[in-house]
Each structure stands twice: as structure tokens, then as C-alpha cells.
Amino acid sequence: MRSIHIRDVPEDIYRKLTEQAAHEGKTLSEFALDVLTRAVQRPTRQSVLDRLATIPPRSYGGESAAESVRTERDAE
């Protein structure tokens, strides 16, 4: 298994990480590994956009939102 060493961690970030690790009953290394694991398992913004781009547009029929607003305004 590989190791990562992170330099120049701001004091407030380090303090928050150690507090959260202690709250979960984990070492800082265990907690940081959990955070990193969750981060890389989430899809990236670009991968979500790429996937959305493959979905064909749908036609819902009926009036547009602007037409709906106009209809409501004219009814008053």
C-alpha cells in the first residue's frame, strides 16, 4: 500500500480534521483515508455533464413556462 504525505496543511484545517477523526473514533490517517476515498468515489462534475449530454432532449408538449406565466397574468 502507498503512502501520502501532505505538507503545509493550514492549522485550522488540521485542527478540524483531528477533531472530526477523534469524534469518529479514528486516527487522523484513518479519517483522512476515508475522506479521500469518498472524494474519489464521487463522480466528477465533468463526468456528470458528459453523461447528461448523452440524454436526448424531451418534448413535454403544452405551453412553455413563459406562456404559462402570461396566461396567469392575463387571467388576473
Side-chain angles (χ1 to χ4, degrees):
M1 188 174 292
R2 300 287 185 172
S3 295
I4 295 176
H5 180 83
I6 302 173
R7 294 183 182 95
D8 302 322
V9 177
E11 187 61 37
D12 61 323
I13 301 297
Y14 181 83
R15 185 174 57 259
K16 288 177 185 177
L17 287 170
T18 55
E19 288 171 1
Q20 291 177 14
H23 181 73
E24 292 190 18
K26 297 179 179 181
T27 65
L28 180 56
S29 291
E30 291 169 331
F31 183 75
L33 182 57
D34 287 348
V35 170
L36 289 170
T37 300
R38 286 192 306 270
V40 299
Q41 289 175 340
R42 281 193 314 257
T44 64
R45 179 176 295 126
Q46 190 60 51
S47 69
V48 170
L49 292 173
D50 291 345
R51 194 165 29 148
L52 288 173
T54 66
I55 300 172
R58 296 183 183 177
S59 175
Y60 294 101
E63 60 186 11
S64 70
E67 291 168 336
S68 295
V69 170
R70 276 190 213 99
T71 302
E72 286 292 319
R73 286 182 183 162
D74 292 344
E76 294 176 357

_Distance in Å, Asp12 CG paired with Leu17 CG, rounded so as to fall on 0.5 Å steps_ = 9.5 Å

*Given side chains that start at C-beta, do those of Gln46 and Leu49 come closer than 4.5 Å, heavy atoms only?*
yes

*Any chance CG of Leu52 has more than 12 other-residue heavy atoms, nucleotides or ligands included, within less than 6.0 Å?*
yes

*Which atoms form the tightest heavy-atom contact between Glu67 and Gly62, and what is the distance?*
OE1-O, 4.5 Å

*Quick one: CD on Glu19 to CZ on Arg15, what's the gap to the nearest 0.5 Å?*
6.5 Å

*Is the number of heavy atoms from other residues, nucleotides or ligands within 6.0 Å of NZ (Lys26) greater than 12?*
yes

*Starting at CD1 of Ile4, measure out to CG of Leu33 and round the result to the nearest 0.5 Å.*
8.0 Å

*Short question: side chain of Ser47, backbone of Pro43 - any donor-acceptor pair under 3.5 Å?*
no

*What closest approach, in Å, do Ala21 and Thr27 show between heavy atoms, and which atom pair accounts for it?*
CB-O, 3.8 Å

*Can you find a pair of side-chain heavy atoms, one from Phe31 and one from Thr18, that are under 4.5 Å apart?*
no

*Report yes if the side chains of Arg7 and His5 come closer than 4.5 Å at any heavy-atom pair, otherwise no.*
yes

_Could you go through Thr71 and Ser68, starting from their C-alpha distance and side-chain angles, then the distance that decides it, and tell me whether this counts as side chain to side chain donor-acceptor pair (under 3.5 Å)?_
CA-CA 5 Å; Thr71 302; Ser68 295; over 6 Å; no

